[in-house]
Amino acid sequence: MSDILRELLCVAEKAANIARACRQQEALFQLLIEEKKEGEKNKKFAVDFKTLADVLVQEVIKQNLENKFPGLGEKISGEESNEFTNDLALDSIRINIPQNILGIWVDPIDSTYQYIKGSADIKPNQGIFPCGLQCVTILIGVYDIQTGMPLMGVINQPFVSQDPNTHRWKGQCYWGLSYMGTNIHSLQLHIPKRNGSETLSQLTENTSSEAESHGFSAVISTSEKETVKAALLHVCGDSIFRAAGAGYKSLCVVQGLVDIYIFSDDTTFKWDSCAAHAILRSMGGGMVDLKECLERNPEKELNLPQLVYHVPNEGASGVDQWANKGGLIAYRSRKQLETFLSLLIQHLVPADTNT
C-alpha cells in the first residue's frame with residue numbers, strides 16, 4: 001500500500017482527536033472561535049467562522065506529512081490560512097506513487113458551523129443527519145498536479161457515536177485510492193447497511209434496476225435553488241434529503257445512503273470535494289461539473305466533465321479561484337448518473353442550465 005495513504009490515515013485520526021478534544025469543554029471552546037477575514041470567507045454565509053481546531057488540524061497534517069515525506073508539505077493547500085487501525089489491511093497491496101506528482105487539498109474541519117454549534121442529539125432520517133456534529137468531517141484529498149485528477153482520499157468523521165455515560169465520541173474513517181488501474185477502498189470489507197438490509201455491493205449491482213424504475217435518492221443543501229429542488233421532486237419523489245456540510249453530503253454517497261449529491265451553486269471548493277472524489281473514483285463513481293453536464297451532448301461527448309484540482313479559476317481571486325464554479329454532482333455509478341441527468345434535464349426549465 002502507498003506509504004503516503006497510510007500516513008494520511010494516521011494524520012486524519014490525529015486531526016479527529018484534536019477536533020474531539022477541542023469540543024470537550026464548551027466554555028473553553030467558545031474562546032477558540034473567530035470570524036474569518038475578507039478573502040477567506042465563503043460568500044454563501046453572511047458570517048463565516050473558523051476555530052483554533054481548524055488551524056491546529058491543518059498545521060498538524062502539514063507538519064506530519066512534511067516530516068515523513070520532505071517536500072510534500074509545500075504542496076499542501078487547505079481552507080484555513082495516535083494509533084490507528086482499519087478493517088482493510090493496508091499491507092495487502094503495494095503501490096508506489098511518485099511523490100513529485102502529488103498535490104494535497106485539506107479541509108481541516110468541514111461544516112465548521114455545525115462543529116461550533118455542537119448539537120449532539122439530532123435524529124437521522126433514514127441514516128442521514130440533517131445537521132449536528134455527525135455532519136462534521138476532516139477531508140484530505142491527494143491529486144495529480146499534472147492532470148488534476150484525484151488519486152487518494154481520506155474522510156474522517158470524528159463524531160459518529162457518543163457514549164451515554166462518558167459522553168466521549170467515537171469516529172469513523174473512510175479512504176480510497178485510484179491510480180493506474182488500481183482501485184481499492186475501505187468499504188470493500190466494512191460496508192454500512194441501508195434500510196437495514198442491503199450492502200453497498202448489492203446496491204451497486206441493483207443500480208440498473210433502480211435507474212429503470214427512476215428510484216433515485218439525493219442529498220442536497222438547504223440552500224439549493226427552488227427550481228432545482230422542483231426538478232428533483234420529479235426524479236426522486238420523496239427520497240430527497242437535506243444535510244449540512246459538503247463533505248458529509250459526499251460521504252452519504254460514499255456510504256450508499258443516497259445515490260446522488262447535487263449542488264448547483266459555486267460555493268463549494270476544491271478542499272470540499274477532492275477527498276470524496278478520490279474515494280468515489282475508487283468505487284467506480286466520481287464527481288462532475290453540473291453546469292457542464294447539463295450542456296453536454298452525451299452522444300457526442302463520451303467523457304464526463306470530472307472536477308479537476310490543479311488549475312485555479314481564471315479571473316477569480318481569494319477563495320473563489322478554487323471554487324467548483326459549475327456546481328457538482330457526486331455519484332457511484334456512471335450508468336446511474338447518465339439516467340439521472342436525462343431525467344433531471346427534462347424537468348429543468350431552460351434558464352437553469354446556466355446555474
Side-chain angles (χ1 to χ4, degrees), residues 1-19 39-40 50 52-84 86 90-110 137-156 173-186 247 269-279 281-282 306-313 316-319 321-323:
M1 171 58 62
S2 166
D3 289 338
I4 292 177
L5 177 56
R6 182 190 297 278
E7 188 64 21
L8 290 180
L9 290 166
C10 291
V11 298
E13 188 61 18
K14 287 182 180 179
N17 286 334
I18 292 171
E40 294 181 312
K50 65 181 177 183
L52 178 61
D54 288 275
V55 179
L56 281 174
V57 164
Q58 186 160 300
E59 290 309 308
V60 164
I61 291 170
K62 281 186 176 181
Q63 193 60 51
N64 275 257
L65 289 174
E66 177 63 26
N67 289 344
K68 194 75 177 283
F69 305 99
L72 193 56
E74 63 187 29
K75 296 182 180 178
I76 299 175
S77 303
E79 181 177 11
E80 315 301 348
S81 350
N82 307 340
E83 181 182 349
F84 181 77
N86 196 284
L90 294 182
D91 292 326
S92 59
I93 298 176
R94 288 285 176 185
I95 301 171
N96 293 315
I97 303 176
Q99 182 179 320
N100 62 356
I101 70 164
L102 302 180
I104 301 178
W105 283 112
V106 174
D107 192 340
I109 302 281
D110 186 58
T137 53
I138 294 165
L139 310 172
I140 308 175
V142 179
Y143 64 95
D144 187 319
I145 61 175
Q146 297 168 334
T147 67
M149 292 305 295
L151 304 177
M152 291 180 278
V154 174
I155 300 177
N156 194 301
C173 198
Y174 303 84
W175 58 266
L177 181 150
S178 180
Y179 178 70
M180 299 288 286
T182 297
N183 294 285
I184 51 176
H185 55 83
S186 56
F269 300 87
K270 302 306 179 187
W271 49 80
D272 294 314
S273 56
C274 189
H277 192 172
I279 299 173
R281 281 190 74 214
S282 74
Q306 297 288 331
L307 298 183
V308 291
Y309 296 89
H310 62 319
V311 180
N313 296 314
S317 60
V319 296
Q321 64 185 318
W322 298 111

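In terms of heavy-atom proximity, Met152 sits nearest to Ile97 at CE-CD1, 4.1 Å. Residues Ile138 and Ala12 approach most closely at CD1-O, 4.2 Å, considering heavy atoms. Minimum heavy-atom separation, Phe269 to Ala323: CD2-CA, 3.5 Å. Across all their heavy atoms, Ala278 and Gly153 have their closest contact at CB-N, 3.4 Å. Tyr309 and Pro150 make their closest contact through CE1-CD, 3.9 Å (heavy atoms, listed as atom of the first residue, atom of the second, distance). Scanning all heavy atoms of the two residues, the minimum distance from Val308 to Met149 falls at CG1-SD, 4.1 Å.
Taken from CG in Leu151 to CG in Leu5, the straight-line distance is 11.0 Å, to the nearest 0.5 Å. Interatomic distance, CD of Gln321 versus NZ of Lys270, reported as 11.5 Å (0.5 Å rounding). In this structure, Tyr174 OH and Thr137 OG1 are separated by 11.5 Å, a value rounded to the nearest 0.5 Å. Once rounded to the nearest 0.5 Å, the distance linking CG of Leu307 with CG of Asp272 reads 11.0 Å. The structure places CG of Leu102 at 4.5 Å from CD1 of Ile4, a figure rounded to the nearest 0.5 Å. Atom NE2 of His310 and atom CD1 of Ile101 lie 12.0 Å apart (nearest 0.5 Å).
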Query raised in the report: Step by step, would you call Cys173 with Val154 a side chain to side chain contact (heavy atoms under 4.5 Å, CB included)?
Result: CA-CA 7 Å; Cys173 198; Val154 174; 3.6 Å; yes
Query raised in the report: Passes side chain to side chain contact (heavy atoms under 4.5 Å, CB included), Tyr179 versus Asp144? Steps please.
Result: CA-CA 10 Å; Tyr179 178 70; Asp144 187 319; 5.7 Å; no
Report task. Mind running side chain to side chain contact (heavy atoms under 4.5 Å, CB included) on Trp175 and Leu8 for me, showing each step along the way? Result -> CA-CA 9 Å; Trp175 58 266; Leu8 290 180; over 6 Å; no
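Taking the six-membered ring where tryptophan is involved, the planes of Trp105 and Tyr143 are essentially parallel, since the angle between them stays under 30° and well short of 60°.
For the pair Asn156 (side chain) and Ala16 (backbone), a donor-acceptor distance under 3.5 Å is absent.
Scored by the side chain to side chain donor-acceptor pair (under 3.5 Å) test, Ser178 finds Asn183 as partners (sequence neighbours excluded). Ala276 is linked by a side-chain contact (heavy atoms from CB on, under 4.5 Å) to Ile155, Ser250, Met287, counting only residues two or more places apart in sequence or in another chain. Judged as a side-chain contact (heavy atoms from CB on, under 4.5 Å), and not counting sequence neighbours, the contacts of Asn67 are Gln63.
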